[in-house]
Colleague: 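I'd like to ask some things about the structure below.
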Amino acid sequence: LAVLLFLGVYFLLTRFTEVEQVAQTLQRGDVKWILLAIGLHFVWLVNIAACFRSCYRLLGIEETIERLLLLSLGANFVNVIAPAAGVSGLAVFISDSRTRGKPTGRVTSAAALSIMYDYLAFIIVLGLGLTVLIRRDRLGAAEITASLVMVAIASVFATLLWLGMRSGDKLGGALAWMARTVNRVVRPIRK
């Protein structure tokens, strides 16, 4: 705890000008809009917890919305610190399930299913955004490339989720193949 406190103070001191800019922006802002933004953010966080709760219930696990709100906050923090296509936050749910004696496999599947729903919602919004860009004749190579990358990530994740639901061995084989492929690609860069 002391190390975290020290790192927090160090961060504030090294980024003091940025903290001042945020404080000035908040001082100049209209209080009602700031409170509305805070309220909407809280609603968004509760919505994430409710999505996790739905996925938990789908797999036969009962959990309170308050507990899932705390877990989803922790998972979002981990996703910011160690971004890995939104999957690094799974560790929070898995660790909690082990600690509390919940079925780890089901909790992992529920959290992965929730992430898959996030990707699905993102792809729907992405499709709507691309439609608007096409209609306005502003769709360029950068937008198309970024969209294809996001659809590829979502497709790989969906495939792994499907494999995991069908067979743990097939999922393990697919993950091992992916690890070998990444290691082969990165090997020349590492050396």
Side-chain angles (χ1 to χ4, degrees), residues 1 4-5 7-8 22 26 31-131 146-147 149-176 178-179:
L1 187 61
L4 289 176
L5 184 62
L7 290 174
V22 170
L26 289 174
V31 176
K32 65 182 171 193
W33 291 111
I34 293 172
L35 291 176
L36 179 65
I38 291 170
L40 287 175
H41 189 74
F42 182 74
V43 168
W44 174 71
L45 292 171
V46 171
N47 187 39
I48 290 173
C51 181
F52 277 113
R53 187 174 187 199
S54 297
C55 292
Y56 269 53
R57 282 185 172 175
L58 185 66
L59 294 174
I61 306 168
E62 281 299 320
E63 192 62 75
T64 64
I65 192 91
E66 294 85 9
R67 181 75 182 173
L68 290 172
L69 178 62
L70 293 175
L71 290 174
S72 62
L73 285 170
N76 280 337
F77 177 74
V78 171
N79 285 334
V80 168
I81 299 297
V87 182
S88 54
L90 283 175
V92 173
F93 291 97
I94 295 168
S95 174
D96 181 69
S97 69
R98 283 189 185 138
T99 304
R100 300 182 70 219
K102 303 264 183 190
T104 306
R106 284 187 187 179
V107 168
T108 304
S109 296
L113 192 60
S114 179
I115 292 170
M116 187 61 215
Y117 286 144
D118 280 345
Y119 276 122
L120 180 63
F122 175 77
I123 287 175
I124 291 169
V125 171
L126 178 66
L128 293 172
L130 289 175
T131 303
S147 300
V149 167
M150 288 306 298
V151 169
I153 289 171
S155 299
V156 167
F157 194 75
T159 303
L160 290 175
L161 188 62
W162 179 76
L163 279 174
M165 289 192 301
R166 303 229 11 165
S167 167
D169 293 335
K170 287 183 181 179
L171 176 63
L175 291 174
M178 288 172 70

Colleague: Should Val107 and Tyr56 count as side-chain neighbours, where that means a heavy-atom distance under 4.5 Å?
Modeller: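 Val107 reaches Tyr56 side chain to side chain.
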Colleague: Nearest 0.5 Å please: distance from the CG atom of Asn47 over to the CG atom of Leu40.
Modeller: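 Atom-to-atom, Asn47:CG and Leu40:CG are 11.5 Å apart.
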Colleague: Without swapping roles, check the side chain of Thr99 against the backbone of Ser95 for a donor-acceptor pair under 3.5 Å.
Modeller: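 Yes, the answer is positive, given that a donor and an acceptor are paired below the 3.5 Å cut-off.
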Colleague: For the residue pair Gly89 and Ala75, what are the closest heavy atoms and their distance?
Modeller: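 Shortest heavy-atom contact: O-CB, 3.6 Å.
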Colleague: When rounded to the nearest 0.5 angstrom, what is the spacing between CE in Met150 and OG in Ser155?
Modeller: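 If I round to the nearest 0.5 Å, the distance is 10.5 Å.
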Colleague: For Leu126 and Leu130, run side chain to side chain contact (heavy atoms under 4.5 Å, CB included): C-alpha distance rounded to whole Å, both residues' side-chain angles, the deciding distance at 0.1 Å, then the answer.
Modeller: CA-CA 6 Å; Leu126 178 66; Leu130 289 175; 4.1 Å; yes
Colleague: Locate the shortest heavy-atom distance separating Leu90 from Ala111; write the atom from each residue and the value.
Modeller: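 Answer, listing the atom of Leu90 first, then Ala111: CD2-CB, 3.1 Å.
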Colleague: For the pair Lys102 (side chain) and Ile94 (backbone), establish whether a donor and an acceptor sit closer than 3.5 Å, ignoring hydrogens and angles.
Modeller: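 Looks like no, no N/O pair under 3.5 Å.
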Colleague: Nearest 0.5 Å, please: how far is CG in Leu70 from CG in Leu45?
Modeller: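 Separation between the atoms: 11.0 Å.
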Colleague: Look up atom CG in Leu71 and atom CD in Glu63, then write down how far apart they are to the nearest 0.5 Å.
Modeller: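 Rounded to the nearest 0.5 Å, the CG-CD separation comes out at 7.0 Å.
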Colleague: What distance do Phe52 atom CZ and Leu113 atom CG have between them, rounded to the nearest 0.5 Å?
Modeller: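 So the gap between those two atoms works out to 10.0 Å.
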Colleague: Could you grab the distance from atom CE of Met116 to atom CG of Asp118, nearest 0.5 Å is fine?
Modeller: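 It is 10.0 Å, given to the nearest 0.5 Å.
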Colleague: Determine the minimum heavy-atom distance between Ala112 and Phe157, stating which atoms define it.
Modeller: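 Nearest heavy atoms, Ala112 then Phe157: O-CE2, 3.4 Å.
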Colleague: Looking at every heavy atom in both Leu160 and Ala174, which two are closest together, and how far apart are they?
Modeller: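 Heavy atoms of Leu160 and Ala174 come nearest at CD2-CB, 4.1 Å.
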